[in-house]
*Asks:* 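Quick one: the structure is below, questions incoming.
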Amino acid sequence: MQTTNIFSFHGGIHPPENKAQSLTLPLGHPSLPKELILPLSQHIGQSSRPLVSQGEQVLKGQAIAINNGFLSSFLHAPTSGSITAIEERVIAHPSGLSDLCIVIEPDGDDNWTERKPLNDWRRISKTDVLSYLAEMGIVGMGGAGFPTQVKLQGAHKHPLTHFIINAAECEPYITADDMLIREKTEQLVLGIEVLQHLVEADQVIIGIEDNKPQAIAALNNALAQHNSTIQVAVVPTKYPSGGEKQLIQLLTGKEVPSGQHPADIGILCQNVGTCVAVHDAIYLGQPLITRFTTLTGDALKAPQNVEVLLGTPVKHLLDYAQATHKKISRLVMGGPMMGFTLNSIDAPIVKTSNCILAASKKELPAPAPEQACIRCGMCEQVCPASLLPQQLLWFSKSQEFEKAEHYNLFDCIECGACSYVCPSSIPLVQYYRHTKSSIREAREAAVKSDLAKQRFEARKARQEAEAAEKEAKRLARQKASAQKTEGKSTATEAKKATPPAAETKTAILDESKKLKVDIALAKNKLKKLQKQLVEAQENEHVEEINHLQLQVTEQEKILTSLEQQLEKMATTPAEKSTKAAPAPVNEELKKAKIDVALIGAKLKKAQKQLAESPDDKELKANVSELEKGLVQAQSLLDRLTPSTAAQKADMLQKASSKPTVNDDLKKAKIDLAIAKAAVKKVEKALKKAEELKAPEADTLRQQLLEAQQRVDSLEKALSNPQTQSPMTEATESNASTDESAAKNEQIKKQKIASAMAKAAINKLKKRLAAEPDQAESIQQEIAAAEKRQQEADALLAQLTQSQDTM
Amino acid sequence: MLTVLLAVGILLALSLVFGAILGYASVRFHVEGDPIVDQIDAILPQTQCGQCGHPGCRPYAEAIANGEAINHCPPGGQATIQALADLLDVEAIPLDGDHGTETAKRVAVIREDECIGCTKCIQACPVDAILGAAKQMHTVISDECTGCDLCVDPCPVDCIDMVEVGVTSKTWSWDKPQGVAATSMNIIATDRKAEVAH
Ligand code: SF4
Ligand code: SF4
Ligand code: SF4
Ligand code: SF4
């Protein structure tokens, strides 16, 4: 064992220790209470998620709640029994509010679940050990209950120079850690060794105040037996030497810079209770289900330390320590400096409850009324964080939050030293707490309003995009229909017809490109935020974590919405093409038509040339080639035309309402026009072929016949639109299914009608209550509405019946 | 004479050079948008409720920048008016009651078994905080709900309630001490007897 240098920190006070009372009796083991109440939120971060349900039987040490996100913890059943409720119960919190708790009724058997110690912790990876500790529900037992594995992970960011075990226990009255060291010295040393293996610090120091001689002796003894390199540093008793930053300063002389954390300067602190819990988890396979708690105060006849099951109601412990309930003037959880008043004796012990102080009136008299600050400067002299309390008070009173922050309000550890010495009895810490929470609230509100703004703007952008898309579609449709009626038989027009489609396509492409860029940007931002979040979590920047988490989830949402938009974008063109069914075929058709026209033109030219110089062999060959091409193109065109017709028939089958019939009529007319044009063209071609006595004349004639037939049939169909389409047959064949669908629809409609009538009745009744002078007319309306509802209901019943029989 | 000319010449050259630099800087570092509107918008609560008579907070921010009164936003209440007054360096005035009164923070909750799935509320929600599809049950993402009230009226079956957001142990905050001459009960340095013992 080596000795270490002891430094000192600024300020501090020497309140009476009052520690002897609770050390006269040995460690107590209270009996099982009637019920155990386990709040789902016993730690910093998100509440745990219950794993059990009401009525379930659980065994001692069984996990009953699982961590809910990164900064959260597991919870285990402290004894065997049944879950009687998962409900809101009063919890140990300065607000006195209730929160969700799992309530266990012990069965008295104390049956353990299977315990699996992690004996090979030296061999398996550190990450595995850390996650094992997380599963054992280990959180910091000295302060706010920071999940231990998160803290240990954070310590890996910088090489650790010091690993400090906090055994200072500077707060008056509390002796729980003192008792723990005495009772579980061996376990403590083993637990520290496990942690040291995980963090690999250069030096391991146990910092302990000199008012615990027995504990110091026990420690030295155990360390000597272990041949351990762990050092014990005995620091003079001064409040608050047990503050994390103060102890670090005492043992290393280093000051943790404002806004930073010990891990940032290569130091890790753990409480002795946590080290013992780590030992129990690793060597015994026991999760964190008990803790040492000091029961003290003048109102107790038997003040003592107890090893108590988590979830034990304070009332049970008070009875155990023989409390005179009348004498209790204030019940405090924690010490008299940093603790908070409990409003209810039903609140349970949680992982961070180190002391129950049942103080009599004489012990903790009501504080004197607050007076004006006399600028004596005593608070500044005792502040261990080297702040300017009176300045902070000033800014807190005048709500100048920015200035308060500028004066490092968030470095205040709320130790209460300033309040303790203030001759004007100003509850300084309460002002700081209020200001801190106001600032936090303002920050959160700012984040929220930022999110709302983003969502609002995203919605606006989306609506605008939708409107623009609709407009574009409308325009495209207009153009297309205009061209269709004009008849797109000539090449030039066909050419014109293509641009709008291409335009919308390129527009969609553009938009999807933009979206993709947006997504990439959003992803980047998300990554950054996540990184920040992890850093914050590692560094225990508790304030930032919530803020960042909000941002991260928001960013994730934005990302998914963007991706969805993109998907939609990708599917819309497809939809469009299916909706405007013949579009691609139309395109081909157009192309074929253009081909025909082009080849026709070329042919004409060649023929003219041929007429001029009839002996030119080359020209002749050319002409015959062109003629062949023409035939090919024409046949393609023919093939395509019927296929579009078929598709149209398809569409008609799908269509069922009148407007579509109208549409079909239009389409049929257009088809007719196209067919007529085709006939004309073929006629022309035929004429030419005949002039030239080309061999194709026969085929052309045939085509002409076919085309004419088509025209005839189309004309017939047009004149008789009802029978024209195969649709009618199709609907008839589908009639039965359609009917039931229609009935369903009707039933739904009736349901809605009935619901609306009900709502109307409700509204009217409300009005009736509000305006009794118009009672009659309103009553009439109600009657009418009721009738309506009845009618709707009757119809509904009928419909459902008929549907059932079907 | 020559020196005078020289001096004038040098000054002229200098002014040209600096003018060019300034001109370049004003183009190069041009601030996009209207910063005052952004600043006002940042103060407004972004509830997007339209109670100010504008379709959202930003339009109201623009209106304020153009001289509209700063007391038309009920969700922001007096705190927002104060912040706006500080920003614009004008007198803080009480909230204009014509636009509504300041209420505690609320969120919309749909009584889900009564919802008929008409999607009217979705269309009304300014921040897309309602989930649902036609003829399906709808629900409100309470974290995203700004409590703007806009979905309540369109609902044909009146199944949307505005529920006050209660305080939980996570959102609870310490009260401010009453000030001079008041006795605080929650003072943490509770050990007054110790002082007597000094
Ligand atoms: S409560 Fe804060 S301001 Fe007061 S002495 Fe402690 S650290 Fe300093
Ligand atoms: S100790 Fe009290 S009275 Fe003295 S300066 Fe500080 S706040 Fe003011
Ligand atoms: S009244 Fe509503 S919309 Fe107008 S600024 Fe305030 S929160 Fe925004
Ligand atoms: S407006 Fe009412 S009925 Fe319609 S979807 Fe919304 S909650 Fe349901």
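Lettering follows sequence order; numbering is per chain, from 1.
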*Asks:* Is it the backbone or the side chain of A:Glu88 that comes under 4.5 Å from a heavy atom of chain B, or both, or neither?
*Replies:* neither

*Asks:* Is A:Lys436 paired with A:Glu414 through a side-chain N to carboxylate O contact shorter than 4.0 Å?
*Replies:* yes

*Asks:* Please look at B:Pro55 and chain A and tell me whether the side chain, the backbone, both or neither of the residue comes under 4.5 angstrom of a heavy atom of that chain.
*Replies:* backbone

*Asks:* Any idea which of B:Cys125, B:Gly117, B:Cys57 has the most non-hydrogen atom pairs under 4.5 angstrom with chain A?
*Replies:* B:Cys125

*Asks:* Can you list every side-chain hydrogen bond (donor to acceptor under 3.5 Å, both in side chains) pair that touches residues 121-131 of chain B, not counting sequence neighbours?
*Replies:* A:Arg459-B:Asp128, A:Arg462-B:Asp128, B:Thr119-B:Gln123

*Asks:* Checking A:Ser396 against chain B: side chain, backbone, both or neither under 4.5 Å from a heavy atom?
*Replies:* backbone

*Asks:* By salt bridge (Lys or Arg N to Asp or Glu O under 4.0 Å), which residues pair with A:Glu400, not counting sequence neighbours?
*Replies:* A:Lys403

*Asks:* How would you list, by chain and number, every residue that makes a salt bridge (Lys or Arg N to Asp or Glu O under 4.0 Å) with A:Asp99, sequence neighbours excluded?
*Replies:* none

*Asks:* Salt bridge check, A:Glu441 against B:Lys105: does any charged N sit closer than 4.0 Å to a carboxylate O?
*Replies:* no

*Asks:* Is the shortest side-chain N to carboxylate O distance from A:Glu457 to A:Lys460 below 4.0 Å?
*Replies:* no

*Asks:* Which residues in residues 44-53 of chain B have any heavy atom closer than 4.5 Å to a heavy atom of chain A?
*Replies:* B:Pro45, B:Gln46, B:Gln48

*Asks:* Quick one: which of A:Ser437, A:Ser98, A:Ser95, A:Ala445 has the most heavy-atom pairs under 4.5 Å with chain B, could you say?
*Replies:* A:Ser95

*Asks:* CD1/B:Ile116 to SG/B:Cys159 distance, rounded to the nearest 0.5 angstrom?
*Replies:* 8.0 Å

*Asks:* Any idea how A:His93 and B:Trp172 line up, ring-wise: parallel (<30°), tilted (30 to 60°), or perpendicular (>60°)?
*Replies:* perpendicular

